[in-house]
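Below is one structure, written out as structure tokens; the observations come after it.
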2 protein chains.
Amino acid sequence: MLNFSEIKLVHIDDHLLFAQGINSLIGNETFINELVHAQTLAEGLRIVEELQPELILLDYFLPDSNGIESLRLLNKTSPSSKVILLTMESNPDVMEKCRREGAIGFLQKSISKKALLEALNNALQDIPTFPITVQSSAETPNSPLNILSKREKQIADLVTEGFTSAEIAEKLFLSDLTVNTHRRNLIHKLGLKNTAQLVAFIEKLKFSEKGSGV
Amino acid sequence: MLNFSEIKLVHIDDHLLFAQGINSLIGNETFINELVHAQTLAEGLRIVEELQPELILLDYFLPDSNGIESLRLLNKTSPSSKVILLTMESNPDVMEKCRREGAIGFLQKSISKKALLEALNNALQDIPTFPITVQSSAETPNSPLNILSKREKQIADLVTEGFTSAEIAEKLFLSDLTVNTHRRNLIHKLGLKNTAQLVAFIEKLKFSEKGSGV
DNA sequence: CTCACAATACCTAAAAATTGGTATTTTTCC
DNA sequence: GGAAAAATACCAATTTTTAGGTATTGTGAG
């Protein structure tokens, strides 16, 4: 295990019992200088803004947000912090979305102490930690989506969910002009014609690539 | 079997051998007054326009068109003619589309003489003849699409394929204003927001209802 | 250190979709 | 026959998307 010092870690989770567990598990690790807990995303954002921690452990389900939205806001508040998601049960699609939102890890809460520490160390070295139980549907080696950049995939997803460019821009803290550029590029890259074809393309992929690795 | 007289039938099929087979099978039936054969859709349209036949037997794959486009053009040329599709192999989705395009029957070419005559008689009495091997995906008893009218379903399909309102209007011989009205109504009926959500909705239905009856 | 690519953002103009109406005709059903 | 639903079509205004550019900044690979 590598040697880091002065590492600040913020744990955002509304389950107090689990938070205490985390605290007793890794609170005494020498490489962790500060371990702060928040019960809501709002509280977490305040703390993260002040501390600018190296690491964030984030519960996927929070009373005032979900993992995807939380990732966006945390990234906005502290772009340099590495965020590792914690969930009770893992869905490959959810995991994939988190990866696209910039999470550096995705762990189930049933994980061992050893594995958790490994994930934290990995994160500090910029090494992602994602379970490989199920090949993520959209990251299949030969998926047509691989010609798209991360941002483009992310925007393709949001378009498919029915958001307009202005709404997507707001979510991702971008100019709607930027979102338009990405939309144009991704439609062009995929050889498509318009939004309808893009959505149909994405939806078909979801289903055609589903079940292959499960 | 009922008694019809003066029935004109046009058979449009590029396979001459099969056309001869049809001719020898039903050419001598007393209820058929005239049986004309065409090898292409273009030729078929000319003949149909002139004859205004009661019945049309239509091959799904033609050198100059496919079943869906052919149905549209035939319906435009002679709205009162009943069209029965003939295909080598039947795909339930294709069948469903033909039904929506106004076909009154859908038969495999491997059908028996008896069944063919039955389908013809049915058609003359306005009774549809469709194989029930697989429950059609979009006509499932409790499909959310059942709140849509035929036209709306048809337009929803075309939107999902990426056609603009203007293109759909041209295909269906409608005003684009009409197509816009249908689009508005169907999005509203389904409680959706925009084209992207409509396409996602339709695509998801295709997959969620698939396999249930196969 | 470049070179390529990704991500960002802007301008302009045209095309398309959406919204909110209304209205007529045709079909379908009781 | 009469009511309801479907299909058709129009007007007008706004929003959104699409298409043609350009340009700057950051980042990762070689």
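Each chain gets a letter, A, B and so on, in the order the sequences are listed, and its residues count up from 1.
Residue B:Leu192 contributes atom CG, which lies 11 Å from atom P of C:dT18 at whole-angstrom precision. The separation between B:Lys153 atom NZ and D:dA6 atom P is 11 Å, rounded to whole Å. Note: NZ (A:Lys150) to P (D:dG26) measures 19 Å, nearest angstrom. To the nearest angstrom, P of D:dT17 lies 10 Å from CD1 of A:Ile187. Distance, B:His188 NE2 to C:dG21 C1': 14 Å, rounded to whole Å.
Remark: the B:Thr195 side chain and the B:Arg183 side chain contain an N/O donor-acceptor pair separated by less than 3.5 Å. There is a side-chain donor-acceptor pair under 3.5 Å between A:Ser78 and A:Gln52. No donor-acceptor contact under 3.5 angstrom links the side chains of B:Ser165 and B:Asp176, judged on distance only.
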Below 3.5 Å between N/O atoms, which protein atoms pair up with nucleotides 8-10 of chain C? Just atom names and distances, please.
{"from": "C:dT8", "atom 1": "OP1", "to": "A:Arg151", "atom 2": "NE", "distance (Å)": "3.2"}
{"from": "C:dT8", "atom 1": "OP1", "to": "A:Arg151", "atom 2": "NH2", "distance (Å)": "2.6"}
{"from": "C:dT8", "atom 1": "OP2", "to": "A:Arg151", "atom 2": "NE", "distance (Å)": "2.8"}
{"from": "C:dT8", "atom 1": "OP2", "to": "A:His182", "atom 2": "NE2", "distance (Å)": "3.1"}
{"from": "C:dA9", "atom 1": "OP2", "to": "A:Ser175", "atom 2": "N", "distance (Å)": "2.9"}
{"from": "C:dA9", "atom 1": "OP2", "to": "A:Thr178", "atom 2": "OG1", "distance (Å)": "3.0"}
{"from": "C:dA9", "atom 1": "O5'", "to": "A:Thr178", "atom 2": "OG1", "distance (Å)": "3.3"}
{"from": "C:dC10", "atom 1": "OP2", "to": "A:Ser175", "atom 2": "OG", "distance (Å)": "3.0"}
{"from": "C:dC10", "atom 1": "N4", "to": "A:Thr181", "atom 2": "OG1", "distance (Å)": "3.3"}

Can you name the atoms? Protein N/O to nucleotides 13-17 of chain C N/O, anything below 3.5 Å, with the distance.
{"from": "C:dA17", "atom 1": "OP1", "to": "B:Arg183", "atom 2": "NH1", "distance (Å)": "3.3"}
{"from": "C:dA17", "atom 1": "OP2", "to": "B:Ser165", "atom 2": "N", "distance (Å)": "3.1"}
{"from": "C:dA17", "atom 1": "OP2", "to": "B:Ser165", "atom 2": "OG", "distance (Å)": "3.3"}

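For A:Glu69, the CD atom is densely surrounded, since the number of other residues' heavy atoms within 6.0 Å is greater than 12.
With hydrogens and angles ignored, the 3.5 Å screen pairs a side-chain donor or acceptor of B:Asn121 with a backbone N or O of B:Leu117. At distances below 3.5 Å, at least one donor-acceptor pair connects side-chain atoms of A:Gln197 with backbone N or O atoms of A:Lys193.
Annotation for A:Leu86 and A:Asp59: closest pair O-OD1, 3.3 Å, computed over non-hydrogen atoms. Taking all atoms of both residues into account, the shortest heavy-atom contact from B:Thr40 to B:Pro63 is CG2-CG, 4.1 Å.
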